[in-house]
Protein chains: 2
Amino acid sequence: MADVPSREQILDAAERLFSARGFSSTTIKQIGHAAGVNSALLYYYFEDKERLYRAVLERLVSQLVRRTLERLKANASPSDRIRGFIEAQVETFVANPELPRLFMREMLDHHAAHAVEQIQHLAATSFKALCDTIAEGQKQGTFRSDLDPRFAAISTVGQVAYFFLARPAVRILLATGRDIPHQTTLSFARHAADFSLAALTCGVTAERPKWRAP
Amino acid sequence: MADVPSREQILDAAERLFSARGFSSTTIKQIGHAAGVNSALLYYYFEDKERLYRAVLERLVSQLVRRTLERLKANASPSDRIRGFIEAQVETFVANPELPRLFMREMLDHHAAHAVEQIQHLAATSFKALCDTIAEGQKQGTFRSDLDPRFAAISTVGQVAYFFLARPAVRILLATGRDIPHQTTLSFARHAADFSLAALTCGVTAERPKWRAP
DNA sequence: GTCTATAGGTGGATAGAC
DNA sequence: GTCTATCCACCTATAGAC
């Protein structure tokens, strides 16, 4: 708490506040206070509020990309790699509960956007790789081929992301207390993998693709 | 454009702006301008900015609840009702692109929350009803019984919600232009129903449930 | 009902001492 | 590097004329 450089403390505090309250309702003074430094100091390390925000996003996104790509490149069957992808996604979200929220906020705000590049990076790497894995499984005959692999990728990622994003609704539905127990999160991770793989492998036959690029 | 009462115009403008920019970065003056009235008039119709926000949320949530419940109560098989639910969700989101965004923002902000009641209402009615439909399908033997119906409901709702929420990422992945064509949205709706039903019906046997309440 | 004008407060950012 | 003090812009909300 004491020996951490101020710059890091500022980034950590900003990460927490931006994801909890969003960009515009977080004030420079709040961040300074949470980081235990004077708010004027933020301008010593960062040009302005927006640059600070971008620095926070970059740290987080690179982490997610790295972790998910690792698992997808493993030398395993498409099914196992998809399981690995979902595990990596959940692990990253558990370790960094701010990430999905901050990321979703950024997408919601993207019209007045700050960080479209990060989103593009994520979509072009991690998301794309999942997509390719599904397509490979289809080519091998492991997965049913009448699904658009890109749609299937959205479904796979979406259900997990939603679990973490829609916590208030999820908590009510699961009737958990103020917090969702870690065990429940792990159960859902397993469920999500089962659900996606069931959908992907259900009724596999050698029929030709029915979907075409929209 | 001319004969619409000011109150409605204000609500419409507020709905658009709040969902596009969020609560705190939308200003009273922006809303007044977009509604074509003086910003001071907002205080004639609404006590303050937050009450206006709540009024917007209430309108939207009641709409979604009504539409989805209609379909789930129809006198059809669980599979058909789930298809109907997804269709209703997509139709509502298409007709009201602001809804999912505003709703997600509200969930992200729920720590400093304005409208927890609406979220609870939605979770306790629409979401719960989907859950019950899945459980019914399991009891009938149509759906595999080794899935937690609540988890399956989250997966079902989540993939559709994510498609609408993560538009910047989806656009890049699908390589569409600035907008996602309506046809693509319809295709995804069909996909989502196929995906969920495949996952729910895959390998149906008379085995006993493997999941237990978390 | 709808407007003009403005009070009162807060936020981002800078200057400059230490 | 870190702080104090402060400027200016802008935002919510109100007072009061029409």
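Side chains are part of it too, since the values below use all heavy atoms of this structure and drop only hydrogens, waters and symmetry mates. In what follows, chains are A, B, ... by sequence order, proteins preceding strands, each numbered from 1. All of these numbers come straight from a predicted model, not from anything done at the bench.
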Problem - Nearest-angstrom distance from the residue atom CD1 of B:Ile10 to P of C:dG1 - result: 12 Å
Problem - Inter-axis angle, terminal five-pair segments of the helix from C:dG1-D:dC18 to C:dC18-D:dG1 [nearest 10°] - result: 0°
Exercise for the section: For the side chain of A:Lys29, starting at C-beta, report the closest nucleotide among D:dT14, C:dG1, C:dG11. Expected result: C:dG11
Exercise for the section: Determine: side-chain N/O of B:Tyr43 to OP1/OP2 of D:dA13, distance under 4.0 Å, yes or no. Expected result: yes
Practice task
Return the value, rounded to whole Å, for the distance between atom CD1 of A:Ile31 and atom P of C:dA13.
Solution key: 11 Å
Practice task
Name all residues meeting the side chain to side chain donor-acceptor pair (under 3.5 Å) criterion together with A:Arg83; count only those two or more places apart in sequence or in a different chain, and write none if there are none.
Solution key: A:Asp194
Practice task
Could you check how far OH of A:Tyr44 sits from P of D:dT4, rounded to whole Å?
Solution key: 18 Å
Fill in the blank from the handout: salt bridge (charged side-chain N to carboxylate O under 4.0 Å, His left out) pairs touching residues 30-41 of chain B, sequence neighbours excluded, are none
Problem - Mutual orientation of the aromatic rings belonging to A:His191 and B:Phe151 [parallel < 30°, tilted 30-60°, perpendicular > 60°] - result: tilted
Problem - Atom-to-atom span, CD1 of A:Ile28 to P of C:dT14 - whole angstrom - result: 11 Å
Handout entry: Atom pair CG/OH of B:Leu102 and B:Tyr53 - distance to nearest 0.5 Å
Key = 5.0 Å
Practice task
Answer yes or no: is there a side-chain heavy-atom contact under 4.5 Å between A:Phe164 and A:Arg167?
Solution key: yes
Handout entry: Side chain to side chain, A:Phe93 and A:Thr185, heavy atoms closer than 4.5 Å
Key = no
Completion exercise
Across all chains, not counting sequence neighbours, the salt bridge (Lys or Arg N to Asp or Glu O under 4.0 Å) partners of B:Asp132 are B:Lys128
Please produce a list of atom pairs where a protein N or O lies less than 3.5 Å from an N or O of nucleotides 3-5 of chain C.
unit_1 : atom_1 : unit_2  : atom_2 : d
C:dC3  : OP2    : B:Asn38 : N      : 2.7
C:dT4  : OP2    : B:Asn38 : ND2    : 2.8

Problem - All salt bridge (Lys or Arg N to Asp or Glu O under 4.0 Å) counterparts of B:Arg66, not counting sequence neighbours - result: none
Problem - Between C:dA13 (C1') and A:Tyr53 (OH): distance, integer Å - result: 20 Å
Problem - Cationic N near anionic O, under 4.0 Å, B:Arg54 to B:Glu50 - result: yes
Exercise for the section: Would you please confirm or rule out a distance under 4.0 Å between OP1 or OP2 of C:dT10 and any side-chain N or O of A:Thr27? Expected result: no
Fill in the blank from the handout: Separation of C:dT2 atom P from B:Gln9 atom CD, nearest Å, is 9 Å
Exercise for the section: Using a 4.0 Å heavy-atom cut-off across all strands, classify B:Thr26 as base, sugar-phosphate, or nothing. Expected result: sugar-phosphate
Handout entry: Whole-Å gap separating P (D:dT14) and CG (B:Leu42)
Key = 12 Å
Exercise for the section: Specify the separation, in whole Å, of atom NZ of B:Lys49 and atom P of D:dC11. Expected result: 9 Å
